[in-house]
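For reference, the structure is listed below as structure tokens.
Order of appearance sets the numbers: ligands from 1, and atoms from 1 within every ligand. Along the sequence shown, residues carry numbers from 1.
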Amino acid sequence: MIRAKITVVLGLAVLMACCQKPVEKSTNPIAEQLESVKGKGILFGHQDDLAYGMNWSYVDGESDVKRVAGDYPAMFGWELGGVELKNTHDLDSIPFQVMKDLVVKGYEMGGVNTFSWHPFSVINGENAWNTETDVVKHILQNGSHHKEFLVQLDRVADFLQSLKTGDGEVVPFIFRPWHEMDGTWFWWGAKNCTPDEFKELFRFSVDYLKNKKGLSQMLVAYSPDRNFTSLEEYLTWYPGDDVVDIIGMDNYYDLKMPDGEKEAIKKLHILIAYAKEKQKFSALTETGLENVTDSLWFTQKLGKVVSDSLVSKELSYVMVWRNDPKVHFFFPYENHSAATDAKSFLDQPEMLLLNDFNKLKKINN
Ligand code: BMA
């Protein structure tokens, strides 16, 4: 009798396990791809890569990464700042119409697109770096400027919804809002809001875009800067497992300090452990050495980080910032003193450029 009961209970348990809805992340095409290459390599990403570089802008097929390393990055980063004002160009002068085409192109080539957003404030109209006025508490649901904020989100949604191929196929993407909140340089940063206000802002934004605007093709990344030494500190601003897919960190600072790669690795281990526990992805969402002033930075700093045994097994991607000749650059251009080293870094077995990524995806399918 007891044995029969046990058999029934076990049978039910097996049945329930089989019929459980798969976790949402495995239904997102990017999640599937990241899952399929996990442990086989880390995607290399570059902000604005297909739009402009150090000696060119808006030339079809160009890419500073390709010029130096022979192939495109596997991830393309883009900036949405300005779309919330209905500007025709983003903060960094890319026409949104052109960005749209390049995002679709990146997708059709097999790459992953990720978006950052440095929105202008609805309170004083100033840019993301203006911290004179508190904004966050005023744009939350009961705040004085919530309606204005909804207009901003609507415009973000309009743009993201418009990302479709010529055949009308929806382009999946990663959205990485409200980044570096543990720093004090953005109006959503640690100087201008409390962790609770921040979490509410993050949760509201994701819920609105996903559920009100139907952007289910979106994965969401949480990426504080490197100001933490424990999981508890890392999670200070964490808005919740239900709204985050990618456990990220931006880190420029550690990687310019002597031995700083060890610090960066320790922090990535914190992210990785949490991501594993929660079945999420982990990423170094932004890094780089401004103007690549150390010609061995790629192999000696970033290269050491990605070849750490746990990092190489678990991390999904690493992205460096943009190459703008008028402001700064984070990937060497042809004949730059760091170009050979950057290529060596990208030749490391851990690193995936677009062709590597596409081949791995084929093998796994
Ligand atoms: C910063 C700089 C700025 C740029 C901003 C948003 O790090 O590159 O020039 O406007 O990112 O992309």
Run the numbers for me: atoms of ligand 1, each under 4.0 Å from some heavy atom of V327, listed by number.
-> 9 (O)

re atom 11 (O) of ligand 1, the protein heavy-atom contact at minimum distance is W321 NE1, 3.1 Å

Region of R322 that comes within reach of ligand 1 [heavy atoms, distance under 4.0 Å] = side chain

Counting from 1, what ligand 1 atoms have a heavy atom of H118 closer than 4.0 Å?
-> 6 (C)

Donor-acceptor pairs under 3.5 Å, side chain of residues 165-174 to any protein atom, not counting sequence neighbours: which ones?
from, atom 1, to, atom 2, distance (Å)
T165, OG1, D167, N, 3.3
T165, OG1, E169, N, 3.0
E169, OE2, Y107, OH, 2.4

Looking only at distances, please establish whether an N/O atom of ligand 1 is found under 3.5 Å from an N/O atom of W129.
-> no

Between R203 and D242, is there a side-chain N and carboxylate O pair less than 4.0 Å apart?
-> yes

Looking only at atom types and distance, does a side-chain atom of W188 sit under 3.5 Å from a main-chain N or O of F202, one as donor and one as acceptor?
-> no

Would you check whether H328 has a nitrogen or oxygen atom less than 3.5 angstrom from a nitrogen or oxygen atom of ligand 1?
-> yes

Counterpart residues, side chain to side chain donor-acceptor pair (under 3.5 Å), relative to H118 (two or more places apart) | E79, H179

Salt-bridge present (K266, E263; N to O < 4.0 Å) | yes

is_close_aromatic(Y234, Y222), centroid dist under 6.0 Å | yes

The closest protein heavy-atom partner of atom 10 (O) of ligand 1 is D92 OD1, 2.5 Å

